[in-house]
Structures are given as C-alpha cells and as structure tokens.
Amino acid sequence: MECTKQLLSADSCKPKPDDESKLGFGQIFCDHMFLMDYDQGAWRDARIMPYGPLSLDPAALVLHYGQEVFEGLKAYRGVDGGVYMFRPQANLERMNRSNRRMCIPELPLEETLEHLFELVKTEHEWIPTLEGTSLYIRPTVIATEACLGVKVSSSYLYYVIMGPVGAYYPEGFNPVKIYVEENYVRAAAGGVGEAKTMGNYAASLLAAEEAHAKGFTQVLWLDACDKKSIEEVGTMNMFFVIDGEVITSPLTGSILPGITRDSVITLCKHWGLNITERKLTIDEVIAAQEAGKLTEAFGTGTAAVISPVGSIHYRGSDITVGDGQTGEISQRLYDGLTGIQLGKLEDPFGWVVKVK
Ligand SMILES: *Cc1c(COP(=O)(O)O)cnc(C)c1O
C-alpha cells in the first residue's frame, strides 16, 4: 500500500526544542503524523499529514465503549549517528494480539512496519541526541463508527504520533517507593489486562492518585482473585531477585506481555543467570526480606527501561529492598539494554533495526 505524504513547508514546521535536558515525557509532538482508515473490510488511505486534531463523530464508539488499542516504542540516535528502533516488529505483533482481544481488525504487519519506518525517517530531525533521550512513538487504533448501541465498530482509524522524550533518569537511577494495592484491582483473569487498551489505565487512576497522596510513586498490583500473587506495576512488569534467583510473574492473562520484560528474560538467560517465570506472592517477598535474601526489585518498560525499586509498602510497613539502592543486576540490565539500543554493544539477538 502506497503512503501519500502531505508535508509542511520547512518554514511552517515547529522549532525543535533547544534544551534536550528538559524534554519531559509526552508533551512535545513532531510536525507530522501517520493515518490509515479501515472500512468495508480493508485498511486504506495510508498517509503522512501535518500533526493536528482529529475529526470524530461525538457518537464514535471509542468515546463510549473504549474499543481502542495502543502501543509505545522508541527510535534512537545511535552512537554512529544512524536512526535505530528496538524490536518494532514485536510491538506491532503485540498490537495485533491486542486488536484480536478488542475485536479490532488486525493491521497488515509488513506494511504497517514500513509505514512506521517512513514516518520516523520523515521526522528524523526530531530525534534528540542527548544521552538517554529518544523519540517516543505512539501507534493507536480507535473505533470510529457513530453508534450508541454497544457493538463492534465497522470502521477504525489507525494513527501514529511521535515526540522527543527526555532521559528518564537525568541524575542516574533513583530507586522508587511502591505501594502494594489491596483495595482495587487492575485486571482479572479473563479480562483485558494482557491487551494494551485504554480501559486498563482508566481503571488504575484512582489507586495511583491515592498512592501518590501517600507519597508513593507507583502501585504494585496483586492478582485480582487472592490478592497475593505479584502481577505488575502501572506501566511496568516486575522482577525480584531472591537468593540469586531472578523472578518474574508468568503471563497469566491479566499481565501486559512487556517487550522489555521479554528482553530482560532473554538477556538474563544469555548471561547464565538463574531466571524463572513463576508465581511469587507478597508473603514470599516479605519472608525473603526478613531472611536477608531479597537483594533487588525492579520494573521494566519502554519508557524507563529498568526502574529500580527501593522499598515496598505493604499493610502499613515498609519493606526495604536490598540496601535501598540500585542493585547490581538492575544496573547491568540497564547498561546492557541501553547499550544494545544505541549500538554501543553487540546485538546478539537481532533486536535493533537500522531505519536510516
Ligand atoms: C506497556 C506496558 C508495559 C511495558 O511493556 P513494554 O513493551 O516493555 O514497554 C507493562 N505493563 C503495562 C500495563 C503496560 O501498559
């Protein structure tokens, strides 16, 4: 499918941010976006257009019943000046799995990937160069049919917006304090927790607000049934290191199958670490801490890559993880993954794609 382009003239483009140390996250957008429509059974009209508001019928199904899916990935300026992306195919494959769960027609993988590369190439001057910065890419599909009856939409819009984002850790790693949530649940088995779809995030806002008010950065979700097994954090999968074993929850259906999670598992195996995907209860974490065996905990996700956890708050007490500082494995994984992403380290798994 050809992609048509309607580009702004150079003098109507926005100025690029001049201080790359103050980019923040998700507030600055590139000059152009990609759009493609679905109706009458086919994806059509792939186009790159100036970034701007969408026109939607107020009855569009996405606005009422949340038939939507999104993705999050990054493009980097490599150490050689080239433009690189990290496992973009894995993001599109996950998007299609999310689409299936939300009754949204799948995207043609190869073409959608080509269109993504085309958009990144068009906007390559927006990729920041300061260490730790990148271009964040947000592919999204929304149900556009105007109808107030609950149903599967017959038409959709797939669009991609992008913008430069800052270093997640301007002063290096800062271990976060997380709050173990027992009143609310994020997702139950059989629900939509494993799909990257808007409702999961709306469902988590109140718990996050309450945790912030108590001074915690993130909520740690337990399983919806027994409220014992550790699931994940708001936008990150969780790993614990207990007595030399690196542990993460298996993909039970209520957990988002993170690409960073998968990359961390692969790297740990490659390094010969003892890594297991198994059920881990909050009680086991507490017992391990009391026995002095809980050495590290960290979250994984595209935005932060690795986010060390310094303490976990459960039923009124703070459980300190290790010495409360960034652990050795967390640091090694951060350096390993970002090194591969920027082309500083060898990429034995073929994860990095050179776009330009
Ligand atoms: C996106 C996301 C993650 C992390 O996935 P990555 O592919 O590693 O970025 C983890 N949990 C939730 C709920 C997410 O939405």
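Each ligand, and each atom within it, is numbered from 1 in the order the structure gives. FYI, side chains are in, hydrogens and waters are out, and symmetry mates aren't considered; it's all heavy atoms of this structure.
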Proximal ligand 1 atoms for [X], defined as those under 4.0 Å from one of its heavy atoms:
| X | answer |
| --- | --- |
| E232 | 10 (C), 11 (N), 12 (C), 13 (C) |
| N237 | 10 (C) |
| G258 | 5 (O), 6 (P), 7 (O), 8 (O) |
| T302 | 6 (P), 7 (O), 8 (O), 9 (O) |
| R94 | 5 (O), 6 (P), 7 (O) |

Charged N-O contact under 4.0 Å between K5 and E118: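 Yes.
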Chi angles and distances behind the side-chain hydrogen bond (donor to acceptor under 3.5 Å, both in side chains) call for T326, Q331: CA-CA 7 Å; T326 299; Q331 184 72 53; 5.1 Å; no
G234 heavy atom under 4.0 Å from ligand 1: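 Yes; G234 lies near enough to ligand 1 that a heavy-atom distance drops under 4.0 Å.
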Tell me which protein heavy atom sits closest to [atom], plus the residue, atom name and distance to 0.1 Å.
| atom | result |
| --- | --- |
| atom 2 (C) of ligand 1 | K196 NZ, 2.6 Å |
| atom 15 (O) of ligand 1 | Y201 OH, 2.3 Å |
| atom 4 (C) of ligand 1 | T235 O, 3.6 Å |

Please tabulate, for side-chain N and O atoms in residues 50-57, each donor-acceptor pair with protein atoms closer than 3.5 Å (sequence neighbours left out).
{"unit_1": "D57", "atom_1": "OD1", "unit_2": "A59", "atom_2": "N", "d": "2.8"}

Crowding at NZ, K269 (>12 non-hydrogen neighbours, <6.0 Å): no
Measure from the side-chain N and O atoms of [X] to the backbone N and O of [Y], and report whether any donor-acceptor pair falls under 3.5 Å.
| X | Y | answer |
| --- | --- | --- |
| D31 | E123 | no |
| T281 | K228 | no |
| H32 | L8 | yes |

Transitive ILVMFWY side-chain link L113 to M95, under 4.5 Å: yes
Under-4.0 Å heavy-atom contact with ligand 1, by part of T260 that carries it: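 For T260, backbone and side-chain atoms both sit under 4.0 Å from ligand 1.
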Region of R186 that comes within reach of ligand 1 [heavy atoms, distance under 4.0 Å]: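 Side chain only.
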Test of proximity, G301 against ligand 1: N or O pairs below 3.5 Å: no
